[in-house]
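What you see is a predicted model, and the numbers here were worked out from it, not measured in a lab.
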Amino acid sequence: QVQLVESGGGSVQAGGSLRLSCAASGRTFSDYAMGWFRQAPGLEREFVAAIRSGGTTYYADSVKGRFTISRDNPKNMVYLQMNSLTPEDTAVYYCAADRVYYGRNYYQWDYWGQGTQVTVSS
């Protein structure tokens, strides 16, 4: 099994940047697909980005060109670099993992962190 812990959230002004980190436990980390999701109050958990074990990346249209997902397998770490942030990016951001990449639906992912709050002010 995999345990995930997010960090790096906080409050920034519109146009600013944040870098989220996800620390993963597990000896087979490099075999897992990793993803980032976010959830604003009253809304469904929303796909943000994912990276397969082979390195293929996927992004939601709303963040493409602004966010970058990456992974460092020797360190068991996944990152989400977020640039040009807007108030619409405000949400709790969750790190997710799965042995197989199934897609962008949150309910298809097996492992989740506790989330980290990102707040973007106007």
Side-chain angles (χ1 to χ4, degrees):
Q1 295 186 329
V2 177
Q3 292 179 299
L4 307 172
V5 180
E6 303 95 335
S7 62
S11 298
V12 297
Q13 295 184 31
S17 298
L18 282 174
R19 181 173 178 260
L20 305 183
S21 299
C22 175
S25 64
R27 300 183 67 178
T28 58
F29 170 79
S30 62
D31 296 330
Y32 282 75
M34 304 296 299
W36 287 96
F37 291 74
R38 65 188 183 186
Q39 188 168 20
L43 301 180
E44 291 260 305
R45 193 164 297 188
E46 175 190 28
F47 172 82
V48 176
I51 183 167
R52 302 178 82 161
S53 59
T56 303
T57 57
Y58 307 86
Y59 296 95
D61 289 342
S62 59
V63 307
K64 191 172 297 183
R66 300 188 297 123
F67 291 10
T68 302
I69 187 171
S70 61
R71 65 192 300 163
D72 187 339
N73 288 338
K75 295 182 178 179
N76 285 11
M77 296 290 292
V78 180
Y79 306 98
L80 185 68
Q81 179 66 47
M82 306 186 295
N83 299 327
S84 301
L85 287 163
T86 74
E88 287 69 41
D89 296 315
T90 295
V92 176
Y93 283 70
Y94 297 90
C95 180
D98 208 311
R99 188 178 64 85
V100 179
Y101 177 75
Y102 292 108
R104 303 186 174 200
N105 296 309
Y106 70 89
Y107 50 82
Q108 295 175 314
W109 293 72
D110 287 342
Y111 304 102
W112 294 90
Q114 294 299 309
T116 185
Q117 177 71 48
V118 172
T119 302
V120 185
S121 60
S122 301

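- Tyr94 is connected to Tyr106 through a chain of hydrophobic side-chain contacts under 4.5 Å among Ile, Leu, Val, Met, Phe, Trp and Tyr, so both are in one cluster.
- Residues Trp109 and Phe37 are in side-chain contact: their nearest non-hydrogen atoms beyond the backbone lie under 4.5 Å apart.
- Going from atom CG of Asn76 over to atom CZ of Arg71 covers 9.0 Å, rounded to the nearest 0.5 Å.
- Defined by atom type and a distance below 3.5 Å, a donor-acceptor pair is missing between the side-chain atoms of Tyr107 and Arg45.
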**OP:** For side-chain contact (heavy atoms from CB on, under 4.5 Å), just list the numbers for Ser62 and Arg38, CA-CA rounded to whole Å, side-chain angles, deciding distance to a tenth of an Å, and then say yes or no.
**Re:** CA-CA 12 Å; Ser62 59; Arg38 65 188 183 186; 3.5 Å; yes
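- No path of Ile, Leu, Val, Met, Phe, Trp and Tyr side chains, each step under 4.5 Å between heavy atoms, connects Phe47 with Tyr93, placing them in separate hydrophobic clusters.
- Interatomic distance, OH of Tyr32 versus CG of Asp110, reported as 8.0 Å (0.5 Å rounding).
- At least one side-chain heavy atom of Phe67 sits under 4.5 Å from a side-chain heavy atom of Leu85.
- Between Gln81 and Tyr79 there is no side-chain heavy-atom pair separated by less than 4.5 Å.
- Applying side-chain contact (heavy atoms from CB on, under 4.5 Å) to Met34 and the options Leu4, Asp98, Leu80, Asn73 leaves one that passes, Leu4.
- Residues Ile69 and Val63 share a hydrophobic cluster, clusters being chains of Ile/Leu/Val/Met/Phe/Trp/Tyr side chains in contact below 4.5 Å.
- With Gln3 contributing its side chain and Ser25 its backbone, the two residues share no donor-acceptor pair below 3.5 Å.
- Ser30 approaches Ser53 most closely through the heavy-atom pair O-CB, 3.3 Å.
- A donor-acceptor pair under 3.5 Å links the side-chain atoms of Arg104 to the main chain of Tyr59, judged by distance alone.
- Two rings, from Tyr101 and Tyr58, have their centers less than 6.0 Å apart.
- Taking the side chain as every heavy atom from C-beta outward, Trp36 and Cys95 approach each other to under 4.5 Å.
- The heavy-atom pair separating Val2 from Ala97 by the smallest distance is CG1-CB, 4.3 Å.
- Side chains of Met82 and Asp89 form no contact here, defined as non-hydrogen atoms less than 4.5 Å apart.
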All N/O donor-acceptor pairs, side-chain side in residues 9-20, below 3.5 Å, sequence neighbours left out:
| from | atom 1 | to | atom 2 | distance (Å) |
| --- | --- | --- | --- | --- |
| Ser17 | OG | Asn83 | OD1 | 2.9 |

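- Side-chain contact between Gln117 and Thr90 is present, with at least one heavy-atom pair separated by less than 4.5 Å.
- At a threshold of 4.5 Å between non-hydrogen side-chain atoms, the residues Thr86 and Arg66 count as touching.
- Judged purely by atom type and a 3.5 angstrom limit, Gln39 has no side-chain atom pairing as donor or acceptor with the backbone of Ala91.
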